[in-house]
Structure formats: structure tokens, C-alpha cells
Amino acid sequence: MAAAAATGGFRLGQRVHAAGDPRRVGTVRYLGPVEGHSGDWVGVDWDDGAGGRHDGSVAGRRYFVAAGERSASFARPTALSQGISLPDALRLRYHVEDFTKEEQDEMYVFSTSQKRVSVEFVGQNKVQEKLKNFSDLTSASVSYMGVSSIGPPDELKSLVPKLRLLDLTGNLFSQWQDISALCQALASLEVLNLTNNTMENDVTESPMLENIHILVLNNCGVTWELVEKIKVSFTCLNELHLMSNKLKTIMTPAGKFVQGFNTLRLLNLEDNHIDSWDEIVKLSYLKSLEQLHLNKNRIKHVKYPSNLPSHGPLDDASAVPFENLQVLLLGSNEIDDFSSVDSLNLFPSLIDVRISDNPIADPAKGGAPRFVLIARLGKVKILNGSEVSPRERRESEIRYVRLVMGKTQSDDTEEIKRLHPRFAELKAFHGIEDEKPTSSTAGPQKMASGLISITLKCVGPSMGEKQPLTKKLPPTTTIGKLKSLCESFFKLKDIRVKLFVVEEGCPLPQLLEEDTASLMELGIGSGASIIVDEES
């Protein structure tokens with residue numbers, strides 16, 4: 001207590017910011033004297049190492065352990081701010097009875113003679129009139145304003161009784177009792193954003209907070225153990241955002257599966273450290289879950305949990321895993337196997353998938369092009385953020401069947417089914433027959449019927465303006481042979497060409513790198529467009 005009194009009332013674990021700079025935020029880790037220096041000091045571990053000088057030790061003596069090697073520093077109490085109340089922040093941000101000089105300057109433009117010409121400030125009167133009466137405010141943002149308390153609850157309640165959305169990003173909250181008091185004071189509040197507030201994982205008994213429907217806890221240092229504690233209070237959540245919390249495991253207090261969250265439709269776990277799909281399986285029986293965001297984790301494999309040891313939560317033996325999941329975002333993970341892609345077909349309601357920036361979806365790293373992914377994912381209507389049109393699906397599936405037919409050497413149907421689960425289904429659906437060798441007595445018409453029509457378009461800067469050409473070629477034509485043909489068709493001398501195939505839904509054409517691969521093996525059929533460019 002004496003140390004706290006001597007250091008301006010600061011406490012260990014308190015969130016503070018540098019005086020005059022609400023964006024430089026840190027946590028108090030030490031209170032007291034520093035050897036070799038007079039007076040009392042506050043040891044601060046700064047977020048993201050903002051201007052730190054050491055790791056909590058000075059001149060060989062350790063005072064505390066900081067998060068980084070140079071994330072800590074000592075400061076006089078007068079150099080730090082303990083923040084302001086939420087009502088004060090709202091008044092500072094939204095009270096506009098008088099415009100400042102800077103705001104007045106924005107209401108003028110300069111003429112060609114550098115005279116100030118008054119212009120109408122669109123909505124000026126409306127904004128002033130509305131914000132004179134805080135009771136009409138329905139959404140507010142006081143991000144990075146050094147807010148550390150809610151102030152007297154009755155004051156907050158009377159100031160903004162209709163507030164529905166509150167953005168508290170980058171402030172000084174850390175204790176859940178303050179958040180509970182805030183939600184109780186603002187009965188109309190539905191959306192609460194606490195991004196970049198480092199929250200303590202210790203939660204005391206909390207009241208029911210049924211008014212909050214969307215809770216954002218991005219980069220708040222929360223663990224799943226904390227999530228299990230606060231779900232008892234936030235019983236009506238529709239969305240829970242937990243990005244950038246370094247989450248690796250989903251720890252459940254009892255049983256294997258996460259329970260509760262009966263109204264949760266969206267769970268955002270992006271940019272965490274989850275590397276095992278077994279952790280995600282624990283979410284299988286969130287019965288209302290429609291969207292699961294897992295971008296930027298470290299997941300290597302995906303498998304639909306169809307063979308769980310328990311056929312559902314303790315009270316429902318008929319429950320279906322991920323029964324209502326429609327959107328699954330898996331971008332920027334480490335997925336590198338087709339079995340993970342094929343497993344997505346087993347999710348009963350899944351129609352929107354993102355797997356971009358995974359090895360399996362990167363042709364440059366040996367992954368599959370878009371048309372292969374579409375063909376393997378039978379129910380998906382949106383892939384990597386782009387809608388899959390009926391035409392694109394049909395063309396992708398036909399091209400995929402041709403690709404498999406061209407590359408498959410074995411007649412073992414079981415082996416083909418294992419490697420390409422949808423091949424037989426698609427082949428039959430689109431009425432594609434096996435390629436038959438052409439008889440030596442076949443006439444020109446018979447041979448012509450096996451050709452595919454390809455449109456070639458020159459784009460190389462040294463090639464000049466050339467009209468696109470449509471040519472009929474054997475499906476066995478290799479990419480190397482096609483390059484030679486392009487040199488002949490377009491009379492390209494001393495130019496090394498490279499070819500790209502244009503695919504619907506892909507933002508960029510796909511490079512055709514393998515000279516020995518045939519058009520059939522690459523799944524390129526009639527109607528395809530090939531871009532002819534030059535090597536740089």
C-alpha cells in the first residue's frame with residue numbers, strides 16, 4: 001500500500017499510457033525505488049515494445065520480467081496517465097457545440113487567389129443538433145482515448161441510454177468487473193468491441209449480460225479458459241471474435257466438446273496458433289454455429305468428425321457434427337493434402353470455403369488450380385471469396401475429369417476412387433466417355449471429331465498487335481508442342497514464349513509450366529483460352 005501511495009496510486013497489473021500519448025500503452029509491473037536513482041518509480045512493460053529500453057532488469061538487478069528484451073522501462077508517476085472515464089471520453093469525442101480552429105479551417109477552401117472561400121459543411125447543423133443531446137447517440141467510438149473506467153454507472157446510463165454499439169479499441173480496461181458494470185449500465189448495448197485491451201483472465205462471479213449480441217476480444221490476451229468463464233454471463237452472443245490471442249488449445253472444463261453458446265452463429269479464431277484439427281473438433285456441437293473463421297492459423301489437416309467416440313453431446317445422441325456450419329475460412333494455413341479438401345464435402349451445410357494461401361491451393365508450390373478445387377468440392381457455391389457460377393462448375397468438372405483420365409495409368413477403380421472420390425460420379429453426370437484409340441482406317445471426319453478448339457491470344461510486348469486465333473488441336477498436344485505451334489501461327493522469331501490458361505473465377509491466368517504435359521492431362525478442353533506471352 002505504501003509503494004502504491006508513493007507512486008501516485010498506481011497498482012500492479014494496471015493498464016496505463018504515456019502522458020500525452022494514449023496510443024503508447026503498457027502494464028504496470030513494478031512499483032518502488034530503483035537502485036542508483038532517487039525517488040519512486042513505476043516499471044512498465046509496454047505493448048509491442050513501444051519505446052522500451054530493457055527487459056525489466058537494470059544494472060544487473062532484476063525488478064520484473066518483461067515480455068520482450070526491450071519492451072520495459074521505468075517512468076516517474078507524472079510521466080504516466082491512469083486514463084479518463086468513459087463519460088469524459090464521450091464528451092471529448094462527441095461534444096461539438098463549438099468548433100476548434102482546425103475544424104473551422106476544414107469548412108473553407110482556398111480560391112486560385114489564395115482567399116478563403118466558405119463552403120457548406122455537409123451535415124454540420126444536423127451533427128451539432130444531434131450531439132447536443134447525447135441521449136440520441138446509438139453508436140460511439142472512443143478508441144485510443146485512454147479510457148480506464150466507466151465512471152459512475154448512473155452518469156453513464158443517463159448520458160447515453162440508447163447506445164447500441166460501443167468501440168473501446170486500444171483503451172486501458174483490464175478487469176471484467178468493469179465490463180460487467182458497463183453492460184449493466186447500458187441496457188441497450190448490443191455490440192461491444194474491446195480489441196487491444198489486455199484483459200485479465202481472472203473472472204469473479206458475474207451477472208447475466210443478455211443484451212450483448214456481438215463481443216469482440218481481438219488481441220486481448222484471452223485464453224479459452226477465460227472464454228468458458230465469461231460464456232456464463234454472455235448467454236445471448238451471436239458473434240464472438242477472438243483474433244490474435246495466440247490461442248493454441250481449446251480447453252473444455254468437462255467432456256470433450258465445447259457446450260453452451262446456444263445462440264452463437266459466428267466464431268472468429270483467425271490469426272491464432274492452432275495447429276491441430278482436433279482442437280476444432282471440440283466445436284462440433286455448437287448447434288447454431290454457421291460461420292467459423294480459422295484463417296492464419298497453423299492447421300495442416302482437416303477431417304470431418306464422422307467417427308467420433310461419442311455420437312454427440314451428453315444430452316443428445318442424435319446430434320450431427322457442424323450441422324449448420326455454412327462458412328469455413330481456412331486461408332493462410334498449412335494444408336497440403338487432397339484428403340483435407342475432399343473431407344469438406346462431408347460437412348452437411350457447407351457452401352462457402354476459403355483455402356487460398358495453403359500449399360494445396362497454390363499451383364506454384366505443386367498445389368491444385370481453382371478448377372480442380374471446384375470439381376472436388378461438390379456443394380461449394382463460394383470458393384476463396386469468388387462465387388462459383390453454374391457455368392464455371394460445369395466447365396471445371398469436365399476439365400477435371402479429363403485431367404484425371406489423362407493422368408491415370410491404373411484401371412483399379414478402388415484406387416481411382418481413393419485418389420479422386422468424385423471422379424466416377426462426375427464422369428457419369430457429364431456423360432464423358434473413355435478415350436478410344438483412333439482406328440488407322442478412320443477418315444478425316446472421325447479424326448476431326450476428337451479435336452478440341454482452343455483460342456490463342458498474344459499479349460507479349462515484343463509480339464506486336466496480332467488477332468486472336470482459334471485452332472483445333474488433338475487433346476494429346478503437349479505444352480511444349482503448343483509453344484512451337486504458337487511460334488509458327490504468330491510468326492514469332494527469336495521469342496521464347498510462355499503460356500497461361502484463363503480460368504473463370506481466377507483473378508490471374510494460370511501458368512502452364514510442364515512442357516511434357518498434354519492438354520488432356522491438364523484438363524484443358526474445347527472453348528479454353530490460352531494467353532501467349534514472352535519470357536522476360
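One is the number of the first residue; the rest follow in order along the sequence.
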Practice prompt. Take the angle between the ring planes of F322 and Y304 and call it parallel below 30°, perpendicular above 60°, tilted in between.
Written response: tilted
Polar side-chain atom of [X] near backbone of [Y] as donor-acceptor pair, under 3.5 Å:
| X | Y | answer |
| --- | --- | --- |
| W176 | E200 | yes |
| S188 | L163 | no |
| D45 | T27 | no |
| N171 | L168 | yes |
| S57 | G60 | no |
| D21 | R23 | yes |
| D357 | G331 | no |
| K379 | N345 | yes |
| S349 | E323 | yes |
| S332 | N295 | no |

Is it true that the side chains of [X] and [Y] contain a donor and an acceptor less than 3.5 Å apart?
| X | Y | answer |
| --- | --- | --- |
| W46 | S73 | yes |
| D271 | S244 | yes |
| S386 | N384 | no |

Worksheet entry | Residue of the set R29, R70, R62 for which salt bridge (Lys or Arg N to Asp or Glu O under 4.0 Å) holds with D55 | R62
Item to complete: Can you spot which of K300, K246, R298, K248 makes a salt bridge (Lys or Arg N to Asp or Glu O under 4.0 Å) with D275?
Response: K248
Item to complete: Take D47 and R15 through the test salt bridge (Lys or Arg N to Asp or Glu O under 4.0 Å) and record every step on the way to the result.
Response: CA-CA 10 Å; D47 293 0; R15 300 283 287 166; 2.6 Å; yes
Minimum heavy-atom distance [X]-[Y], with the two atoms named:
| X | Y | result |
| --- | --- | --- |
| D40 | P77 | O-CD, 3.8 Å |
| N358 | I335 | OD1-N, 3.0 Å |
| V320 | Y285 | C-CE2, 3.9 Å |
| I214 | L237 | N-CD2, 4.2 Å |
| G9 | Q14 | O-OE1, 4.2 Å |

Within 6.0 Å of [atom1] in [X], more than 12 heavy atoms from elsewhere:
| X | atom1 | result |
| --- | --- | --- |
| E69 | CD | no |
| K229 | NZ | yes |
| D337 | CG | yes |
| K287 | NZ | no |

Worksheet item: Should Q291 and Q326 be marked as a side chain to side chain donor-acceptor pair (under 3.5 Å) after you check the CA-CA gap, both sets of side-chain angles, and the distance that decides it?
Response: CA-CA 6 Å; Q291 297 191 44; Q326 299 178 28; over 6 Å; no
Taking the side chain as everything from C-beta on, heavy atoms only, tell me whether [X] gets closer than 4.5 Å to [Y].
| X | Y | result |
| --- | --- | --- |
| L289 | F261 | no |
| L156 | L186 | yes |
| V25 | L172 | yes |

Worksheet entry | Lys/Arg N to Asp/Glu carboxylate O, R91 vs E155, below 4.0 Å | yes
Discussion item. Regarding D88 and R93, does a basic nitrogen lie under 4.0 Å from an acidic carboxylate oxygen?
Written reply: no
Item to complete: Take N218 and N196 through the side-chain contact (heavy atoms from CB on, under 4.5 Å) test and state the conclusion after the steps.
Response: CA-CA 6 Å; N218 297 337; N196 292 348; 5.9 Å; no
Discussion item. Does E190 form a salt bridge (Lys or Arg N to Asp or Glu O under 4.0 Å) with R164? I'd like the steps, not just the answer.
Written reply: CA-CA 5 Å; E190 297 177 0; R164 296 177 59 196; 3.2 Å; yes
Worksheet entry | Pair R354-S356, side chain to side chain donor-acceptor pair (under 3.5 Å): steps then yes or no | CA-CA 6 Å; R354 178 177 291 278; S356 53; 3.3 Å; yes
Fill in: Working for side-chain contact (heavy atoms from CB on, under 4.5 Å), residues N268 and L240
CA-CA 6 Å; N268 187 347; L240 178 59; over 6 Å; no
Practice prompt. Can you measure from NE2 (H293) to CD (E239) and round to the nearest 0.5 angstrom?
Written response: 8.0 Å
Item to complete: Just do the side-chain contact (heavy atoms from CB on, under 4.5 Å) check on L269 and H241 with the steps written out, would you?
Response: CA-CA 7 Å; L269 293 169; H241 297 262; over 6 Å; no
Practice prompt. For E290 and N324, run side chain to side chain donor-acceptor pair (under 3.5 Å): C-alpha distance rounded to whole Å, both residues' side-chain angles, the deciding distance at 0.1 Å, then the answer.
Written response: CA-CA 5 Å; E290 297 175 355; N324 293 304; over 6 Å; no
Worksheet entry | Output field: ring centroids Y63/F74 closer than 6.0 Å | yes
Item to complete: Kindly determine whether M145 and L92 satisfy side-chain contact (heavy atoms from CB on, under 4.5 Å), including the steps that lead there.
Response: CA-CA 9 Å; M145 290 189 68; L92 283 171; 3.9 Å; yes
